[in-house]
Amino acid sequence: MKPLLRVLIVEDSEDDTLLVLRELRRGGYTVEYVRVDTADSMQAALNQRLWDIIIADYSLPAFSGLAALKLLQKQKLDLPFIIVSGTIGEDIAVAAMKAGAHDYIIKGNMARLVPAVERELREAQERYKRHSAEQAFRESEDRFRTLCSSAPLAIFQTDAQGQLIYSNPLWYDISGFSEQQSVGYGWIEAVHPEDRAEVSQDWQRTVLEQSTWVDEYRLLTPQDEIRWVRALASPMYSTERRFLGHVGTFEDITDRKQAAQKIYEQAALLDISIDAIAVCNLKNHILFWNKGAERLYGWTTAEIVGRNATYVLGKNGETSPSFSEIQAILAKEGKWQGELQQVTKDGKDLIVESRWTLMRDEAGNPKSILKVSTDITQKKQLEAQFLRTQRLESLGSLASGIAHDFNNILTPILATAQLLPAKFPNLDENSQQLLEILESSARRGADLVQQILSFTRGVEGSRTLVQVRHLLSDIAQVAHRTFPKSIETKTDINPNLWTVFADATQLHQVLMNLCVNARDAMPDGGILRINAENLWIDENYAQMHENSEAGFYVVITIADTGTGIPPEIIDRIFEPFFTTKEVGKGTGLGLSTVMSIIKSHNGFVNVYSEVGQGSSFKVYLPSREATETNAVINKNLPSGNNELILVVDDEVSICEIAKTTLETHNYRVLTASDGIGALALYAQYIDDISVVLIDMMMPVMDGSQTIQMLQRMNPDVQIIAMSGLMAYEPHEQKQILGIREFLAKPFTAQVLLNTLYEVILVMSNG
């Protein structure tokens, strides 16, 4: 398949334009074109977009092919330019070629057009590649010269014998040699006599081994000054693998060596401290690290010396207060003390009480920073736990008092609601319904009071057989009455929903927490979906989600069309006290309570979310009432007929399980982890692939984009979409995307095989 061809046609005749387009399309091109017949319209077209080629008539009433060519050359655009004319003579054609036209075609010989276009496109591509390579080479040389002249390291190059053939200005400052002395000079002669033999031996060994050389040693300058350097050199080879020499860097580490030596002399005394003691330079790079610091942070001295303490120890690479803020205090007062949030080598959070002192040299200039840090993590956690306990105790006392008064209010309401029907037996049907609503609401209020008391006192209610359908209907009514009108509540509850053995009060709390979170995720309105269904979880399904076992379950889905949960925090949402809400708007206990309650019921929770699309929380509760009749397991699952299926999902486990299931039932399977890989495989096996099974949420190229590209490649492609996010209508998505079926994750082997069988059956009958 040839690529899309963007053609600018300079022609006044519509018939001649159609003649050109017909030839190009016969040649297999899909053509996108604009016809112009004046200089102004051609200039506008050139400004509007990029073109692959220009095809121009030689003479027009108000314009000409040569004028169009000059306009193109004035713009300095290197585009293939072909003249097509019915009147051009050979002398005029030669003149046009000399003026810069790439070819000319006589309208009576249009068969030459497509070969000419293909040739000019190839040559244009080659010119572009040559120009790009030359430009890249020039830019590379410029960057090299700029980097070398401004680099903070001395840069050098040697020949195969170790003679210097290039060095940047910093080398002269470090070594003490002038430019004239350095070029052609054996660099080994600049090494301190006491280190020269060892350095030379190491150098020769790496030359023979053709490996990178790294070493620290002393230089002796012509001025008899000793300087410590750290050198790194890598071998260079010709295209024939002939050794040409080395290129590398020198770093002056004299000050670091001297400082480290002084610190080392005091290390023995500092290592007996239980506190973490460190010395950093003024840029916060670690120079010294005692044993106490190794024990606290987990980093050994060898691993951490020279690294920036802010990035290694700071939480998320930052400290609060920031290092610059602490520096300002040190410069003014010479010391600082405060608490820092830090992390250990293995990612564990720490809170330390840190005391910093600015160290000065003999001249009184700032030299380094001495840090002494004490771990107070456990102390802070105990304080927080104590304060939290006090708040919960206060809340429990307050709730008990409110509950007492509220019960006093509800008692006469409930009694009156029960007495009125007896006092007025002839009430009309509408009034009787109002009294029933009054009594039901009063009872519900009393139940809610009991729930609050149970929660605040930490008393677990009794567990009985619960019909979740009633709870969900009640929750839906509460949401409809109390949530903003911009939020639409939709329910889809199986009328034959199984029962679960559970604490109704706790389940009510779980469902309300999830619905309130969904409401908060839709500040501008949206759709709240409350679904419930019966489900048999097979081994295939259980492997897709940890904490799940095969068996009968009631599955409750609370989904929204809100802001979604960012992938970087979705693994933390069930942590106690973790919240993304503003201070005062969330305790961080809602989802942790949900998880705790569902686990205590031997269930589990799955979350699916996409930023900007919404979230879906699925609660799985084991069912006690389910029978073999209610959930017949189809042991004779439909098998394939050796059809080739393409499975596309960024979750490796999903791909593997789907592949195993399908191959077990006589299908062949290809898998791809992203949309780009799916397109490549489909292009390769387009005639063999029967169905594409694709996830809707993938990085880089999501399911919708991939489906659109597949449909461009083959309008008849058969697609089954998958998603765990059910905040939209699958039937609507089928119509929008033009797909065959929609599978809600996670799915059982039975659902997968039945869906695939139905799609293939429709294909064979279509």
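Keep in mind it's a predicted model, so treat the numbers as computed, not measured.
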* Identify the heavy atoms of Ile530 and Cys515 that sit nearest to each other, and give their distance. => CD1-SG, 4.2 Å

* Applying side chain to side chain contact (heavy atoms under 4.5 Å, CB included), run through Leu756 and Tyr667 and close with a yes or a no. => CA-CA 10 Å; Leu756 190 58; Tyr667 289 99; 3.6 Å; yes

* Expected output: side-chain Ser609 to main-chain Gly614 donor-acceptor under 3.5 Å -> yes

* Beyond-backbone contact of Ile694 with Ile720, side-chain heavy atoms, under 4.5 angstrom -> no

* Non-hydrogen atoms of Met696 and Ala721 that approach each other most closely -> SD-CB, 3.7 Å

* To do: Verify, without hydrogens or angle tests, whether Arg668 (side chain) and Asn642 (backbone) share a donor-acceptor contact under 3.5 angstrom.
  => yes

* **Test item: Gln711 side-chain N/O and Gly738 main-chain N/O as donor-acceptor pair under 3.5 Å** => yes

* To do: Look at atom CD of Gln378 and say whether more than 12 heavy atoms of other residues, nucleotides or ligands are closer to it than 6.0 Å.
  => no

* To do: In sequence, state the C-alpha distance, the side-chain angles, and the governing distance for Asp702 and Ser704, and then conclude on side chain to side chain donor-acceptor pair (under 3.5 Å).
  => CA-CA 6 Å; Asp702 63 18; Ser704 298; 4.6 Å; no

* To do: Apply salt bridge (charged side-chain N to carboxylate O under 4.0 Å, His left out) to Lys315 and list each qualifying residue two or more places apart in sequence or on a separate chain.
  => Asp349

* Check whether any side-chain heavy atom of Asp649 sits under 4.5 Å from a side-chain heavy atom of Met698, and report yes or no. => no

* Asked: Is the backbone N or O of Ile351 less than 3.5 Å from a side-chain atom of Thr377, with the two atoms forming a donor-acceptor pair by type?
  -> yes

* Asked: Can you name the one residue among Ile493, Val619, Leu497 that meets side-chain contact (heavy atoms from CB on, under 4.5 Å) with Val468?
  -> Leu497

* For Ser600 and Gln506, which heavy atoms make the closest approach, and how far apart are they? -> OG-OE1, 4.4 Å

* At their closest point, which heavy atom of Ala678 faces which heavy atom of Val648, and how far apart are they? -> CB-CG2, 3.5 Å

* Identify the residue among Thr671, Thr664, Val647 that makes a side-chain contact (heavy atoms from CB on, under 4.5 Å) with Lys659. => Thr671

* CZ/Arg519: more than 12 non-hydrogen atoms of other groups inside 6.0 Å -> yes

* Is a side-chain N or O of Arg469 found less than 3.5 angstrom from the main chain of Asn496, in a donor-acceptor match? -> no

* Hey, what's the ring geometry for Phe604 with Tyr620, parallel, tilted or perpendicular (30° and 60° as the breaks)? -> parallel

* To do: For Glu741, check salt bridge (charged side-chain N to carboxylate O under 4.0 Å, His left out) against everything at least two apart and list the hits.
  => Lys734

* Structure fact -> What one should report as the nearest heavy-atom pair of His601 and Ala502 is CD2-CB, 3.3 Å

* Considering non-hydrogen atoms only, spot the tightest contact between Leu710 and Leu679 and give its length. => CD2-CD2, 3.7 Å

* Asked: Within a radius of less than 6.0 Å around OH of Tyr757, do more than 12 heavy atoms belonging to other residues, nucleotides or ligands occur?
  -> no

* So, Tyr682 and Asn714: side-chain donor and acceptor under 3.5 Å apart, yes or no? -> yes

